[in-house]
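The block underneath contains the structure these notes are about, expressed in structure tokens.
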Amino acid sequence: MNHTLLIEQTEAFVREQLGQDTTGHDWWHSDRVRNTAAVIAGIEKADVLICTLAALLHDVADEKLNPSKEEGLLKVRTWLDAHLDNSGQIDHIMLIIETMSFSGGSGAPMATLEGQVVQDADRLDALGAIGIARTFVFSGAKGRPMFDPDIAPRGESLQKEYRDYSKGTAVNHFYEKLLKLKDLMNTAYGRKLAEERHQFMLGFLDQFYKEWNADGE
């Protein structure tokens with residue numbers, strides 16, 4: 001099979017599915033995750049093709065963008081069945097996509113190195129400067145305020161927090177999810193990248209509170 005053609009077809013499909021998204025789960029998110037996954041895969045000696053395809057397709061199946069998780073997964077499976085003739089590769093890609101959601105950190109661990117790589121790449125895109133930008137874009141799209149000092153971060157199930165858009169604030173999302181991601185990374189190189197981005201977010205929060213409180217010091 002021509003892998004270059006397959007990747008080009010996958011890119012076109014993902015652009016078609018996610019090109020109009022305005023919540024931070026758009027084509028460019030999938031493209032960044034694909035690029036990061038390829039870098040990590042090269043360092044960790046994972047299958048780059050599997051990582052690339054799973055990274056590109058992961059949000060096409062996301063339950064936030066489909067009537068249900070099952071319908072999203074069926075959409076991806078149907079597309080793969082029509083474009084990839086290796087059932088083992090299809091099963092591997094689907095296993096990654098089915099398992100990789102954040103799920104409050106309580107989901108099943110990734111069963112393969114490729115899954116660990118793609119999950120790390122997806123989590124890295126929720127960290128650092130890009131992660132900060134995506135948090136505020138997503139919160140604005142869902143009608144959540146930027147910050148409210150009278151609303152404390154929630155301590156209940158992160159899965160519940162992640163799906164309940166009617167509560168919380170953008171800044172609280174740092175404490176409810178983003179600052180926890182560093183300790184959930186799977187690969188050594190993923191952990192290295194996460195540490196740098198984690199520190200950047202802590203610096204952002206320090207500056208945010210300084211400006212919010214009109215603190216000139």
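Since the structure is predicted, the reported quantities are computational estimates derived from the model, not experimental observations. Quick note: numbers below take in every heavy atom, side chains included, and nothing from hydrogens, waters or symmetry partners. When a residue number appears, it is its place in the shown sequence, counting from 1.
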- Item | Pairs where residues 114-133 contributes a residue and the test ring-ring contact (aromatic ring centres under 6.0 Å, His included) is met, not counting sequence neighbours |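 Not a single pair qualifies under ring-ring contact (aromatic ring centres under 6.0 Å, His included).
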- Message: Quick test of your reading: applying ring-ring contact (aromatic ring centres under 6.0 Å, His included), list the pairs with at least one residue in residues 43-77, sequence neighbours left out, ordered by first then second residue.
- Response: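 Checked against ring-ring contact (aromatic ring centres under 6.0 Å, His included) - neighbours excluded - the pairs reaching residues 43-77 are H29-H58.
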For [X] and [Y], which heavy atoms make the closest approach, and how far apart are they?
X	Y	result
R154	E176	N-OE2, 2.8 Å
C51	A46	SG-CB, 4.1 Å
I96	T112	CG1-OG1, 4.4 Å
D26	D21	N-OD2, 3.3 Å
L6	H83	CD1-O, 3.7 Å
A121	I40	N-CD1, 4.3 Å

Residue [X] excluded, over 12 heavy atoms near [atom1] under 6.0 Å:
X	atom1	value
E195	CD	yes
Q20	CD	no
F200	CZ	no

- Item | For F147, all residues meeting ring pair (Phe, Tyr, Trp, His ring centres under 6.0 Å), sequence neighbours excluded |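 Once residues adjacent in sequence are excluded, the partners of F147 under the ring pair (Phe, Tyr, Trp, His ring centres under 6.0 Å) criterion are F208, Y209, W212.
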- Those residues that, when tested against W27, pass ring pair (Phe, Tyr, Trp, His ring centres under 6.0 Å) (two or more places apart):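 For W27 there are no ring pair (Phe, Tyr, Trp, His ring centres under 6.0 Å) partners, ignoring immediate neighbours.
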Is it true that [X] and [Y] fall in one hydrophobic cluster, defined by side-chain heavy atoms closer than 4.5 Å?
X	Y	value
L84	F13	yes
L49	I90	yes
V117	L95	no
V60	M94	yes
Y175	L178	yes

If we ignore hydrogens and angles and just use 3.5 Å, is the side chain of [X] paired with the main-chain N or O of [Y] as donor and acceptor?
X	Y	value
N66	D62	yes
H92	G88	no
R197	A129	no
D122	V118	no
N2	T4	yes

- Quick one: which of T10, L53, I7 gives a side chain to side chain contact (heavy atoms under 4.5 Å, CB included) with R34?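 It is I7; the other options fail the test.
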- Passing candidate, side chain to side chain contact (heavy atoms under 4.5 Å, CB included) with I93, options T52, L56, N86, I50: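 Of T52, L56, N86, I50, side chain to side chain contact (heavy atoms under 4.5 Å, CB included) with I93 is met by I50 alone.
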With the side chain counted from C-beta on, respond yes when [X] and [Y] share a heavy-atom pair under 4.5 Å apart, and no when they do not.
X	Y	value
L127	E196	no
L205	V171	yes
Q17	K75	yes
R144	H173	yes
V76	L80	yes
L18	S30	yes
L202	L179	yes
M185	L124	yes

- With sequence neighbours left out, what residues match D125 under salt bridge (charged side-chain N to carboxylate O under 4.0 Å, His left out)?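 R32, R134.
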- Nearest 0.5 Å, what's the NZ-CD distance between K45 and E114?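 If I round to the nearest 0.5 Å, the distance is 13.5 Å.
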- Hey, what do you get for CD (Q89) to CG (D47), rounding to the nearest 0.5 Å?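 If we round to the nearest 0.5 Å, Q89:CD and D47:CG are 7.0 Å apart.
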- Message: Does this structure show an ion pair linking E98 with K69, if we count only N-O contacts that are shorter than 4.0 Å?
- Response: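 No salt bridge links E98 with K69.
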- Task: Determine, stepwise, if the pair V14 / L57 fulfils side-chain contact (heavy atoms from CB on, under 4.5 Å).
- Result: CA-CA 7 Å; V14 176; L57 291 164; 4.0 Å; yes
- Task: Please assess D81 against R77 for the test salt bridge (Lys or Arg N to Asp or Glu O under 4.0 Å), listing each intermediate value before the final yes or no.
- Result: CA-CA 6 Å; D81 284 341; R77 179 85 197 205; 3.6 Å; yes
- Message: Using 30° and 60° as the class boundaries, would you call the ring planes of F174 and F136 parallel, tilted or perpendicular?
- Response: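 Ring orientation of F174 relative to F136: tilted.
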Review item, side-chain donor-acceptor pairs of residues 187-194, under 3.5 Å, at least two apart:
residue : atom : partner : partner atom : Å
T187    : OG1  : D120    : OD2          : 2.7
T187    : OG1  : G190    : N            : 3.0
R191    : NH1  : N186    : O            : 3.1

- Looking at F138 versus H25, is the centre-to-centre ring distance below 6.0 Å?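 F138 vs H25: aromatic centres under 6.0 Å.
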